[in-house]
Amino acid sequence: MSNKISETLTFECETGNYHTFCPISCVAWLYQKIEDSFFLVVGTKTCGYFLQNALGVMIFAEPRYAMAELEEGDISAQLNDYEELKRLCLQIKKDRNPSVIIWIGTCTTEIIKMDLEGMAPKLENELGIPIVVARANGLDYAFTQGEDTVLAAMAHRCPEQILLIERKKVIQDSNIQNLFSFLSLEKKEETTNKNFEKLKKNPPLVLFGSLPSTVASQLSSELKRQSVQVSGWLPAQRYTDLPSLGDQVYVCGVNPFLSRTATTLMRRRKCKLIGAPFPIGPDGTRAWIEKICSVFGIKTEGLEKREEQIWENLKDYLNLVRGKSVFFMGDNLLEISLARFLIRCGMIVYEIGIPYLDKRYQAAELSFLQNTCKNMSIPMPRIVEKPDNYNQIQRMRELKPDLAITGMAHANPLEARGINTKWSVEFTFAQIHGFTNARDVLELVTRPLRRNNNLENLGWSNLTKKETKNEI
Ligand code: SF4
């Protein structure tokens, strides 16, 4: 393995010995997004401890998720799994009456081979509530990939597009008859024509990825400005509003960690995938919109100016980050998009650690990264899949980056050794998509730099004992 920074992107793969959140943490944001859902994590106390600690104060807000804690008897198959789950789900139905229950499989259910997928349809019939099974376990996935497994499972539950159009038509017909019975014929024609025009603009477009509603509507309206109608989101605000899918439907992702969902949408639901860079940073957002418009044969209007305006507003932050170096240890799969945005901001990226890289799903983002490096005349970063945190620390010792984006396990030890750090998990929970949120990304990135600038004069940047100077 060499530390040389080359002209093209270099991909490496290490041992996978790194820190990240368990994918079951996706319940934290998904239960908030899908308002009528309930998440049941079928696991052990280990999973329970993790959720309880990782989700912080959220656990006091009567969240719509719970643990089904497996006991000795479950694991040795002395108890009846089906009856146990039925008892719990009946209680959930009685207490919360959700529109869907999502079972989250964990490491233990994998190892003891609990047949969640087999039990779900039977219980679904008995209970009369849809039960979706997602295997978001720590054996196979990392952090944000939990959302990917849930959305991939949900993609199977989306209604078929053709059926829905027919149903809509029937409803529309009767509505039109009722509504327009007292209007003049002329007006009726006008309205129908308008609707027809709207539908004609572009084929159905479904965006996938869970975003806070405000961000989702910002992205939808950015597309609307270019006369692209978004026909639905996966997931929608409510489970009952899942978008309809079919072979006429175009789909486009908003997050880089949704490769399984993309595959399911293409292979199982026959949708057409639009492979675009992700709408993170003004550059990414513009490229994302341009790609969608180009697929629909629409010429974009005023996008360039809009991007310029956003960069103009970021000036104060850009002065802070320009020329600074950054090292992504890698734990949430947002790294490539964030690195590309930071390079465009004038930063130098030494290394992009990433838990898992689907080169096909991220193809557009990868080539965008490469072009950005060329345009900014900055050396290409190395991309390290399944990184080894120990090795990364050694590399950081040599490279001495101005900023390390890392998990909580390494943040304080690195700070004590004089390396600025930003806690990576914040990028998952902050609003980072679209034109207007670019400021928030830079707010996060520059926070440690601004803080340490303020504290510089105190002379306390390195807090380790002198004898240990060989370690960073
Ligand atoms: S890694 Fe496995 S055992 Fe640990 S919290 Fe996640 S699902 Fe549970």
Side-chain angles (χ1 to χ4, degrees), residues 14-32 37-59 63-77 79 81 84-85 88-89 92 101-120 131-154 210 257-261 329-334 353-356 385-390 406-410 423-425 428-429:
E14 285 190 311
T15 60
N17 194 356
Y18 63 96
H19 283 269
T20 181
F21 268 23
C22 169
I24 60 172
S25 53
C26 69
V27 303
W29 63 89
L30 287 178
Y31 94 81
Q32 297 198 39
S37 62
F38 194 98
F39 287 78
L40 185 66
V41 182
V42 188
T44 56
K45 280 202 163 49
T46 313
C47 316
Y49 289 143
F50 164 69
L51 274 185
Q52 198 167 351
N53 287 303
L55 308 192
V57 290
M58 257 184 230
I59 58 159
R64 288 186 320 280
Y65 66 80
M67 285 287 312
E69 250 177 42
L70 297 167
E71 290 167 13
E72 202 67 10
D74 297 298
I75 293 167
S76 55
L79 298 176
D81 298 338
E84 286 291 304
L85 282 170
L88 287 172
C89 289
I92 293 168
I101 298 178
I102 296 145
W103 287 353
I104 302 285
T106 60
C107 299
T108 319
T109 56
E110 284 297 311
I111 290 166
I112 64 171
K113 305 227 179 303
M114 194 186 260
D115 184 19
L116 293 176
E117 274 99 349
M119 285 188 274
I131 296 178
V132 173
V133 181
R135 297 178 176 202
N137 62 70
L139 294 173
D140 301 315
Y141 305 111
F143 196 9
T144 46
Q145 285 180 294
E147 175 181 322
D148 194 20
T149 60
V150 173
L151 296 191
M154 267 190 185
S210 161
F257 45 77
L258 298 171
S259 61
R260 272 173 72 90
T261 310
M329 285 188 82
D331 63 359
N332 57 16
L333 283 93
L334 293 170
I354 185 166
Y356 168 74
E385 203 182 351
K386 297 190 198 326
D388 184 306
N389 280 173
Y390 179 82
T406 175
M408 216 27 138
H410 290 109
W423 186 32
S424 52
V425 172
T428 320
F429 291 103

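We're numbering straight along the sequence, starting at 1. As the structure lists them, so they are numbered: ligands from 1, and atoms in each ligand from 1.
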Side-chain donor-acceptor contact under 3.5 Å, Thr261 with Asp148
yes
Please find out if less than 6.0 Å separates the ring center of Phe39 from that of Tyr31.
no
Quick one: which residue pairs count as a salt bridge (Lys or Arg N to Asp or Glu O under 4.0 Å) with a foot in residues 107-119, not counting sequence neighbours?
Glu110-Arg135, Glu117-Arg135
Go through the structure and list residues passing side chain to side chain contact (heavy atoms under 4.5 Å, CB included) with Thr15, not counting sequence neighbours.
Asn17, Asp388
Atoms (protein N, O or S; no water) under 2.8 Å from atom 8 (Fe) of ligand 1
1
Value for CZ (Phe257) from CD1 (Ile354), rounded to nearest 0.5 Å, stands at 11.0 Å
Using distance only, find each side-chain donor-acceptor pair of residues 20-28 under 3.5 Å and give its atom names and separation, not counting sequence neighbours.
residue	atom	partner	partner atom	Å
Thr20	OG1	Asp331	O	2.8
Ser25	OG	Cys22	O	2.7

